[in-house]
Amino acid sequence: MKRFAELLLNLILTSSRNDKIDHIVNWIKDSNSEEIGWGLSIICEELEISKVKPSMVKEISKLHIDKYLFDLSYDYVGDMAETVSLIWPEKNDKNANFSSVTLTNVIKDLINVQKKEAPKLISNYLDNFDQNTRWAFLKIITGGLRVGVSSRLAKTAISKYFNKNIKDIEELWHAFDPPYKEIIEWCREIIEKPKVKDKPIFRSPMLANPLEENDYKLINPISYLAEWKWDGIRVQLVSMKNEVKLYSRSGDDISNSFPDIIENSFSQDFCLDGELMAGSIKIPGSFNDLQQRLNRKNPSKDLIRNMPTFIVAYDALYIKDQDIRDKSVIDRRELLKAFILEEKLSFIKFSDEVVFKNFQDLEGKRLQCRQDLNYEGLMLKLRNSTYEPGRPKGPWFKFKRDPYSIDVVLLYAQRGHGKRSSFYSDYTFGVWNGYLKNRQLVTVGKAYSGFTDQELLKLDKFIRANTTNRFGPVREVEKTLVLEVAFDDIQKSKRHKSGLAMRFPRIKRIRWDKPANEADTIEDLERLLNVRN
Amino acid sequence: MKVDWIKKTKEGIQVKDGSFFVDPIYPVKKAIITHGHADHARAGHEHVIATLETLAIMKERYGNNFCKNSTVLKYHEKLTIEEVKIFLAPAGHVLGSAQVVMNFANQVITVSGDYKRQDDPTCAAFEPIKSDIFITEATFALPVFKHPNANTQINLLIKSILNFPERCHVIGVYSLGKAQRLIKMLRNNGWHNTIYLHGSLVKICNLYEKFGIDLGDLEPATIQDKPEKPHDFYKGKLILAPPSALADRWSRRFPDPILGMASGWMTVKQRAKQRGINLPLILSDHADWNEILTTIKEVSPKEVWITHGAEEALIYECSKNNLTAKALSIIGYESDTDL
Ligand SMILES: [Zn+2]
Ligand SMILES: [Zn+2]
């Protein structure tokens, strides 16, 4: 447990993705299979401990610590687990056995404890752990780890250490529950690769590259198929032997948030790829509408009724006992279309082909998207291409409606003027610069517009809750929120640290779903500059 | 307790209707200065009374004309101003730091200045003086602040340097006190390699050495004059810099630096994370919660006045023990930047 607590501390104190992977790899070296499994489930926030509630921690600490002093301390530190771990009275005669308590011991205790025994169990651990281990222990209970590790990064670390393909790990992951015994044992080559044919697994998605000027010449209706790029979130819907799962594009299981999708029954097994949208097929909602449903587990019936969801399906990976990723996109779409017809599903819409004569024609259609906000642009797919996980260059392109758009990370916020003066409405944002350990965010611009009033409220709330520093009217925030910023033009500039200046940047949408480490880089911006010149 | 000879004004702690002040924020005729940190020791007073070390530090920082005239007052040496009997007692904060003990009308009032109770090989240890009123700082007066034994933090640093021979360590330290204490403790824990200093730390380190505190091999952390490429040269080396230089371009010239900070604020992980610190070292020159409470017990005052810091918690804790406490809320003693 002490070793795992050290890992969490190291993860929180490193911002470099590669250092984080190194820390996880080193910890894996020091741990046995079961510990690795439990630890990863905690890092990926996939472990649910139902018997011990976060509120219990607060109650217990108030038995031991003066309430007023506790509240002042909590107010200062800002995190329940950290406050309790620091303020907990240090016992002089700690039980030495506790230094050898493993993560597995702790998790099993937390899972098996009787509810009325839980406070005693927690107090006992707190009494005998050192401060950092107390903190990690409490974080397991309260959740909200915020060590900046996506489930993909954790899987990358396993694949690196055991020298296994990350796609295989991703596919196996959701077929098993914590502590993922089968997966770790397969990694250690103790057992053969487990069969997951009958499980609703996540398959690594195929991603598109932005269409750049050099690519325009490739695009003609004979080689490429065009579809609208719907403005929702990318999902994978899987059903296997009547078990249905919905995954985000990073492989997080989001089934809990969308009972309206997964509580349908299907007569056949499938895995399809598409865009989750708010509203109905007849009246699609905007991305803002969809926001109301994201990150909300077990939504109320009312919310579902008021804001239903549907899927625009554009690809299939598995249909009727067959993995069809080796077939061409044209063949896969035929199978998908037939499947949707057979199943008569009211919440799945087939993504129709957008017919075009030539590139000019296509460009016209892209500009048309500016009126129809349900479309973010166009997707272009090489007709004979197979489904390749990752981001291969060539088969799939995205052709976005705005001349330029990038994903940036919010860095600072300032109060606005006039009617917005009570809100943080001026945003300074940055992109990644540098490689590996030296990777850091550099400021590239400011935006004051583009968001709805509702989004402003949410941004304001995020900023207040995530302030890390104040300089007069400016607040520095936790660097976790990704914004999609659209702009008209980009030029070289000496005024900005980055050497670049955007013309009229505006916030197109808030990417609550996107991890900050996946935001764009200064190279992405420089490439746009080169495209332009 | 009725006290009419000492009060808080906008300048700070005023004694006998302005006969003199302790650590005044604005220029005054006569000032007793507890220690050399910039928020307590300002330039521009006419007459400054302080320890020899504090006067030397002020001269180093502000130049020879930091005041018109000065009086050296050794620890426990007696001085009377306007019938107030005064002496200085060690505060254990930085070199030359002192408490100001004042006796008038049968009332003993002690101004602590900044202080700590943990061992510090670079300055004299705090001496509790029985007083009627104890005017204390409260920088870390919250029960979450329990500074670990400083040697554990020094060993953490040494271990990290040995574990990462391919990287260099850049540690943020306050230029007066923290830097020298960290160096001296490294030496006492067996670390004798050359330590490289950001330019702004050099002067005060030299001054400490003049006062007989041997800091071992120190060199400026320059780039140009190194025999090898700076990248190779600084691998496995330890560099000290003021906290502001960590976030700056300055620290990026070194090979793959591990950024550390030696400060009591590093207790809070989120705070370390926000400042981009990879290696937080909880090394403080201020008293933590327990040290403050112990000190108050030993001084056994009838009243506690608080100059700056987390006053609410301390006032509350005092009142629980039937001790009157009040906040002076002196604006200008920056507890947050006094790392
Ligand atoms: Zn000080
Ligand atoms: Zn101070």
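First the proteins, then the strands, lettered A, B, ... as listed; each starts at 1.
Only the side chain of B/Lys146 comes within less than 4.5 Å of a heavy atom of chain A; its backbone N, CA, C and O stay farther away. Contacts of A/Trp135 with chain B are made by side-chain atoms alone, with heavy-atom separations under 4.5 Å and no backbone atom involved. For A/Asn132, the parts lying under 4.5 angstrom from a heavy atom of chain B are both the backbone and the side chain.
Taking the six-membered ring for Trp, B/Phe254 and B/Tyr196 have ring centres at least 6.0 Å apart. B/Phe145 and B/His286 have their aromatic ring centers separated by at least 6.0 angstrom.
The neighbour count for B/Asp119 CG, taken as heavy atoms of other residues, nucleotides or ligands under 6.0 Å away, does not exceed 12.
A/Phe98 does not carry A/Lys94 over the face of its six-membered ring by the limits of under 6.0 Å from the centre and within 45° of the normal.
By number of non-hydrogen pairs under 4.5 angstrom with chain B, the leading residue of A/Asn10, A/Leu9, A/Leu72 is A/Leu72.
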